[in-house]
Amino acid sequence: MKMFELIKDQIKDIKKIVFVTGAGISQESGVPTFRGKDGLWRNYDVMKLATIDAFYDNPKLVWEWYNERRNNVFGVKPNLGHKAIAELEKYANVMVLTQNIDGLHQKAGSTEVLELHGSIVKIKCSVCDFKDQMTAEFSEIPPLCKCGNILRPDVVWFGESLPQDVWQKAMIVAGQCDLMIIAGTSLVVSPANTLPIYAKQNNAILIEINPENTDMSSEMDLVIRNTSAIALPEFVSMFKEN
Ligand code: BV8
Ligand code: ZN
């Protein structure tokens with residue numbers, strides 16, 4: 001039986017599709033996730049490294065971590081999962097709400113992407129309101145801002161609030177969608193893990209694509225226990241047929 005057979009009949013009335021994605025959708029591109037063996041970098045717990053305290057304790061170490069991740073991201077390509085979401089824009093109104101900072105959705109051609117946790121190719125000052133794109137790797141780390149304070153990756157660390165304009169928009173589109181596909185995320189981190197609730201309140205269909213169980217699997221209308229690079233192209237081909 002085809003993966004999405006169960007919701008085949010409901011598909012035709014679907015206009016607005018929202019994807020909530022996490023590290024799992026980039027796993028098949030070769031980007032480490034945050035779980036299991038990927039949860040450690042040089043024996044540091046990545047959840048602890050992604051904090052303002054870790055940055056002020058050892059800004060050089062945190063910069064080395066992000067430099068290594070950035071070089072990894074520059075060395076990989078979007079996979080069939082990213083590409084399927086980009087292609088779907090031809091057939092429906094698609095918005096991507098991603099926890100990923102790797103920019104692979106945009107590289108795959110997705111035009112409507114909200115980066116909830118920032119971007120690994122952006123920097124900002126830890127004090128003044130200076131912000132910029134990363135053009136080249138800094139010779140000296142931590143690099144200094146013209147105001148003399150240290151620059152940091154423009155990402156959201158644990159204990160820091162999400163960019164309010166991005167979060168407000170994410171809540172709105174989640175609350176207006178007809179279908180929400182939650183792909184490659186463990187839904188452990190808040191407030192991103194509340195987005196399916198906004199969709200449910202709008203009676204949207206909820207589909208989870210993940211080889212493993214998540215904290216919200218029981219809330220889903222359909223659970224696909226497979227990888228995103230396999231399941232998403234199948235979803236798009238079915239959507240096109242309809
Ligand atoms: C905030 C950017 C207000 C940086 C990230 C105690 C209890 C509950 C909550 C909290 C608490 N204490 C603090 C909090 C709030 C905290 C939080 O949620 N903590 C968690 C750990 C409990 N949240 C925050 O701090 C947020 N801010 O709340 O501000 C506030 C302020 C002060 C105090 C309180 C509240 C900020 C959160 C954002 C942090 N920044 N990233 C960087 O990347 O370096 S989070 C980062 O980790 C990612 O962006 C992502 O969000 C998360 C990892 O989750 P996933 O992406 O889902 O990845 P994971 O590895 O976990 O799972 C991968 C999944 O994919 C798995 O399910 C796997 O099975 C699946 N998979 C694997 N391969 C595939 C696949 N699926 C499909 N195909 C495959 N091939
Ligand atoms: Zn500055």
Side-chain angles (χ1 to χ4, degrees), residues 19-41 44-55 62-63 65-70 72-73 79-82 84-85 97-104 115-132 142-164 166-167 181-196 207-217 223-233:
F19 288 86
V20 173
T21 67
I25 200 167
S26 295
Q27 184 269 331
E28 290 158 289
S29 291
V31 180
T33 68
F34 287 69
R35 328 249 71 222
K37 65 173 180 26
D38 294 342
L40 283 181
W41 178 77
Y44 290 95
D45 172 350
V46 294
M47 296 292 211
K48 294 217 176 28
L49 266 181
T51 62
I52 191 72
D53 304 343
F55 184 68
V62 172
W63 263 101
W65 182 40
Y66 281 95
N67 285 352
E68 193 167 305
R69 291 172 67 186
R70 195 176 310 104
N72 164 258
V73 164
N79 60 59
L80 296 177
H82 298 107
I85 294 175
L97 310 178
T98 188
Q99 299 164 78
N100 300 342
I101 63 175
D102 58 30
L104 291 179
E115 296 179 306
L116 304 173
H117 297 162
S119 165
I120 200 163
V121 291
K122 291 183 182 158
I123 52 171
K124 66 181 181 180
C125 179
S126 51
V127 175
C128 78
D129 56 10
F130 171 79
K131 279 181 181 269
D132 197 359
L144 297 184
C145 173
K146 59 186 179 316
C147 75
N149 290 290
I150 46 178
L151 293 173
R152 54 168 283 178
D154 190 359
V155 298
V156 180
W157 282 328
F158 289 100
E160 296 184 324
S161 305
L162 277 56
Q164 281 318 298
V166 172
W167 180 242
I181 299 182
I182 297 126
T185 179
S186 57
L187 292 173
V188 165
V189 169
S190 70
N193 60 1
T194 64
L195 291 166
I207 299 177
E208 179 179 83
I209 296 175
N210 194 316
E212 290 173 23
N213 216 49
T214 72
D215 297 359
M216 290 187 75
S217 297
V223 170
I224 307 289
R225 287 279 165 263
N226 209 316
T227 70
S228 43
I230 291 172
L232 288 168

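In listed order, ligands and their atoms are each counted from 1. Quick caveat, the model's predicted, so the values are computed rather than measured.
- Each of the atoms 77 (C), 78 (N) of ligand 1 lies under 4.0 Å from some heavy atom of Ser228.
- Taking only non-hydrogen atoms, the option from Ser119, Ser186, Pro191, Pro211 nearest to atom 75 (C) of ligand 1 is Pro211.
- For atom 7 (C) of ligand 1, the nearest protein heavy atom is 4.0 Å or more away.
- Checking atom 52 (C) of ligand 1 against the protein gives a heavy-atom contact under 4.0 Å.
- Minimum heavy-atom separation, Asp102 to Val73: O-CG1, 3.3 Å.
- At least one side-chain heavy atom of Arg225 sits less than 4.5 Å from a side-chain heavy atom of Asn210.
- In this structure, Asn226 CG and Leu232 CG are separated by 10.0 Å, a value rounded to the nearest 0.5 Å.
- A donor and an acceptor atom, one from each side chain of Arg70 and Asn67, are located under 3.5 Å apart.
- When hydrogens are left out, the protein atom nearest atom 23 (N) of ligand 1 is Ser190 O, 3.0 Å; that is the closest non-hydrogen contact.
- Counting heavy atoms from C-beta outward, Trp167 and Ser161 have side chains that stay 4.5 Å or more apart.
- Not close to ligand 1: Ala192, with no non-hydrogen atom less than 4.0 angstrom away.
- Among all non-hydrogen protein atoms, the one lying nearest atom 50 (C) of ligand 1 is Gln99 OE1, 3.5 Å.
- There is a protein heavy atom less than 4.0 angstrom from atom 4 (C) of ligand 1.
- In this structure, CD on Gln99 lies 9.0 Å from CG on Leu162, to the nearest 0.5 angstrom.
- Separating the SG atom in Cys125 from the CG atom in Leu144 is a distance of 9.0 Å, to the nearest 0.5 Å.
- The shortest N or O to N or O distance between Ile101 and ligand 1 is not below 3.5 Å.
- The N/O atoms of Gln27, backbone and side chain alike, include one that comes under 3.5 Å of an N/O atom in ligand 1.
- Closest to atom 60 (O) of ligand 1, if we only count protein heavy atoms, is Phe34 N, 2.8 Å.
- For atom 12 (N) of ligand 1, the protein comes within 4.0 Å by no heavy atom at all.
- In this structure, the protein non-hydrogen atom closest to atom 67 (O) of ligand 1 is Asn210 ND2, 2.8 Å.
- Within the 4.0 angstrom cut-off, atom 36 (C) of ligand 1 has one or more protein heavy-atom neighbours.
- By the definition of a contact as any protein heavy atom under 4.0 Å away, atom 42 (C) of ligand 1 is in contact.
- Nearest protein heavy-atom contact of atom 21 (C) of ligand 1 is Phe158 CE2, 3.9 Å.
- Within the 3.5 Å criterion, the main-chain N or O of Ile150 finds a donor-acceptor partner in the side chain of Ser126.
- Here the angle centred on the Zn ion (ligand 2), running from SG of Cys145 over to SG of Cys147, is 100°, rounded to 10°.
- Heavy atoms from other residues, nucleotides or ligands lying under 6.0 Å from CG of Asp129 number 12 at most.
- Put simply, the side chain of Asn79 gets close to the backbone of Ile25: a donor and an acceptor are under 3.5 Å apart.
- Using 4.0 Å as the threshold, Ser161 has a heavy atom nearer than that to some atom of ligand 1.
- Put simply, OH on Tyr66 and CH2 on Trp41 are 10.5 Å apart, with the number rounded to the nearest 0.5 Å.
- For Thr98 (side chain) and Asn100 (main-chain N/O), a donor-acceptor pair under 3.5 Å exists by modelled atom type.
- Taking a cut-off of under 4.0 Å to the non-hydrogen atoms of Tyr66, the atoms of ligand 1 that pass are 4 (C), 42 (C), 44 (O).
- The shortest N or O to N or O distance between His117 and ligand 1 is below 3.5 Å.
- With rounding to the nearest 0.5 Å, the separation of CD1 in Ile101 from CD1 in Ile120 is 4.0 Å.
- Between Lys124 and Glu160, none of the side-chain N atoms (NZ, or NE/NH1/NH2) sits under 4.0 Å from a carboxylate O, so this pair counts as no salt bridge.
- Near Gly22, the atoms of ligand 1 lying under 4.0 angstrom from a non-hydrogen atom of the residue are 56 (O).
- Counting only heavy atoms of the protein, atom 27 (N) of ligand 1 lies nearest to Glu160 O, 2.8 Å.
- Considering only non-hydrogen protein atoms, atom 39 (C) of ligand 1 sits nearest to Val156 O, 3.4 Å.
- Of all atoms in ligand 1, numbered sequentially from 1 with element shown, those under 4.0 Å from a heavy atom of Glu28 are 78 (N), 79 (C), 80 (N).
- Ser26 and His82 form a side-chain donor-acceptor contact under 3.5 Å, judged by distance and modelled atom types alone.
- Each of the atoms 55 (P), 56 (O), 58 (O) of ligand 1 lies under 4.0 Å from some heavy atom of Ala23.
- Taking the Zn ion (ligand 2) as the corner point, the angle from Cys128 atom SG to Cys125 atom SG is about 110° (rounded to 10 degrees).
- Close contacts between ligand 1 and Thr185 involve ligand atoms 55 (P), 57 (O), 64 (C), 65 (O), 67 (O) [criterion: under 4.0 Å to a heavy atom].
- Close contacts between ligand 1 and Glu212 involve ligand atoms 69 (O) [criterion: under 4.0 Å to a heavy atom].
- The shortest N or O to N or O distance between Trp65 and ligand 1 is not under 3.5 Å.
- Protein heavy atom closest to atom 74 (C) of ligand 1, with residue, atom name and distance, is Gly24 O, 3.4 Å.
- Leu195 contributes atom CG, which lies 14.5 Å from atom CZ of Phe19 (distance to the nearest 0.5 angstrom).
- No side-chain donor-acceptor contact under 3.5 Å links Gln27 and Thr33.
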